[in-house]
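Below is one structure, written out as structure tokens, with a few remarks after it.
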Amino acid sequence: MPVFISVLGSTGSIGTQVLDVARRLGNDTVRIVGLSAQSNAELLIQQARELLPKAVCICDEDLYKTVAESLSGFGIQVTAGQTGMEEIASLPDVDRVVVSVAGTPGLAPTLKAIECGKDIALASKEVLVAAGHIVTEAARRQGVRMLPIDSEHSAIFQCLNGEDWSKIERIILTASGGPFRDASKDEMARVTPEQALAHPTWKMGRKVTVDSATLMNKGLEIIEAKWLFGVDPGQIEVVIHPQSIVHSMVRFCDGSTIAQLGLPDMRLPIQYALLYPDRIDSGLPRMDITEIGSLTFHKVEPGRFECLDLARQAAESGGSLCAVMNAADEVAVELFLARKIGFLDIPRIIREEMEAHTPIAQPSLDEIYAVDWETRRRIRARYGAS
């Protein structure tokens with residue numbers, strides 16, 4: 001029997017790779033039932049005509065008519081907006097929902113999918129960063145599996161197969177270090193968007209690539225790992241590993257360390273999340289360890305990447321501070337890519353918002369949305385952004 005999936009965010013970097021994996025595996029293994037996109041109507045229409053899902057959603061409601069008219073006669077239900085995305089996440093035939101939606105808009109459909117008993121293949125960091133306590137409790141209550149797509153969390157998940165998670169002593173998240181791992185503060189102050197987007201090993205979306213350059217992505221992964229694997233943030237270490245071959249490691253209480261290795265290709269962790277617990281031939285290039293030669297690791301230099309320190313502070317504090325940090329980072333990255341601020345202004349803006357916030361220990365979903373919205377509004381108003 002094939003695994004029936006919906007893909008939220010099918011036109012983004014992860015979403016298009018999910019569909020590439022599905023094509024490689026074929027309809028007998030993975031069948032696309034639902035697709036959603038924010039505003040890339042042209043690509044969504046192309047995907048729908050090729051894959052013939054039961055339903056699609058265009059979140060930008062102004063584009064609904066375009067999508068509906070283009071798919072007329074294909075037998076595909078077309079929906080729009082946040083409600084439409086929740087419908088895609090809860091289609092009766094769906095076994096597993098891929099969540100690769102940028103920002104907090106992925107929260108409600110994720111919770112809807114969990115409520116309907118769907119396993120979650122999670123690629124959106126914001127879901128757990130902003131509302132980890134709500135999402136993980138809902139998944140536990142419904143008996144739903146949270147299957148990570150991020151290469152680092154997929155690696156940890158694989159290292160923990162068959163293990164007693166209470167025996168985890170340390171989780172070691174590996175980071176390429178991005179393009180500025182050896183840059184001075186003065187050099188980082190002059191970084192352009194083009195330089196920040198030139199990642200040395202991974203091909204990712206623009207926001208994730210900038211987060212990799214600031215090491216905020218590792219900070220967000222600390223918060224994700226806290227919720228996914230039930231560990232304290234103090235048990236999670238970040239190390240620089242320029243080759244991006246060891247995707248993460250777990251050290252156990254007996255001193256043994258297990259690592260997962262592979263070429264830097266997101267399609268491998270995607271396939272693992274789609275088919276878990278099965279493994280089949282991916283058809284992807286194989287790693288030859290003798291060609292790689294050496295693997296190197298070193299500690300993150302203290303004070304070099306303030307975003308990592310801020311994220312760890314949010315992870316340890318928990319509550320609404322994580323939502324503030326996440327929203328501030330998203331808007332700051334937008335401003336940087338629009339050339340309204342400098343590279344080192346990103347952590348400054350995040351720090352200012354975190355310092356101004358009065359944390360809520362156990363925020364409700366409505367409180368998370370309110371904090372997220374107000375943080376974004378305040379920063380955009382300050383810098384004249386729409």
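Predicted model, so just to flag it, every value in this text is computed and none were measured.
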Spacing of [X] atom [atom1] and [Y] atom [atom2] [to the nearest 0.5 Å]:
X    : Y    : atom1 : atom2 : value
M266 : Q17  : CE    : CD    : 6.5 Å
N40  : C59  : CG    : SG    : 12.0 Å
L63  : E42  : CG    : CD    : 11.5 Å
S154 : H247 : OG    : NE2   : 9.0 Å
L122 : L128 : CG    : CG    : 5.0 Å
L228 : L160 : CG    : CG    : 10.5 Å

Look at the side chain of [X] and the backbone N and O of [Y], then say whether any donor-acceptor pair between them is shorter than 3.5 Å.
X    : Y    : result
D95  : F4   : yes
R96  : A273 : yes
S176 : G178 : yes
K125 : N217 : no
D211 : V208 : no
E316 : Q313 : no

Are any of the side-chain nitrogens in [X] or [Y] under 4.0 Å away from the carboxylate oxygens of its partner?
X    : Y    : value
E334 : R380 : yes
K207 : D329 : yes
R267 : D20  : yes
R286 : E291 : no
R190 : D186 : no
E306 : R348 : no
K226 : D232 : no

Mind checking whether [X] and [Y] have side chains closer than 4.5 Å, heavy atoms only?
X    : Y    : result
L107 : V135 : yes
L261 : I289 : yes
I76  : P53  : yes
I236 : R170 : no
E224 : D150 : yes
N27  : P2   : no

Please answer: with hydrophobic residues joined when any side-chain heavy atoms are less than 4.5 Å apart, are [X] and [Y] in the same cluster?
X    : Y    : value
F74  : Y64  : yes
L52  : I45  : yes
W373 : L365 : no
I88  : V144 : yes
V101 : L43  : no

Pairs satisfying ring-ring contact (aromatic ring centres under 6.0 Å, His included), at least one member in [range], at least two apart:
range            : value
residues 304-361 : F180-F343, F336-F343
residues 89-109  : none
residues 148-170 : F157-Y276, W165-F229

Task: Partner of E237 by salt bridge (Lys or Arg N to Asp or Glu O under 4.0 Å), out of R251, K218, K299, R312 - done: K299
- [ ] Verify the distance criterion only: is there a donor paired with an acceptor across the side chains of T290 and D288 at less than 3.5 Å?
- [x] yes
Open item on the list: Could you walk me through whether S166 and D164 satisfy the side-chain hydrogen bond (donor to acceptor under 3.5 Å, both in side chains) test, starting with their C-alpha distance in whole Å, then the side-chain angles of each, then the deciding distance to 0.1 Å, before giving a yes or no?
Closed with: CA-CA 5 Å; S166 70; D164 181 348; 2.7 Å; yes
TODO: Just do the side-chain hydrogen bond (donor to acceptor under 3.5 Å, both in side chains) check on E353 and T375 with the steps written out, would you?
DONE: CA-CA 7 Å; E353 290 299 316; T375 301; 4.6 Å; no
TODO: With side-chain hydrogen bond (donor to acceptor under 3.5 Å, both in side chains) as the test, would you mind laying out the steps for E152 and T174 before giving the verdict?
DONE: CA-CA 7 Å; E152 295 82 1; T174 54; 5.6 Å; no
- [ ] Assess whether side chain to side chain contact (heavy atoms under 4.5 Å, CB included) is satisfied between E115 and S90, documenting all intermediate values.
- [x] CA-CA 9 Å; E115 178 189 322; S90 56; over 6 Å; no
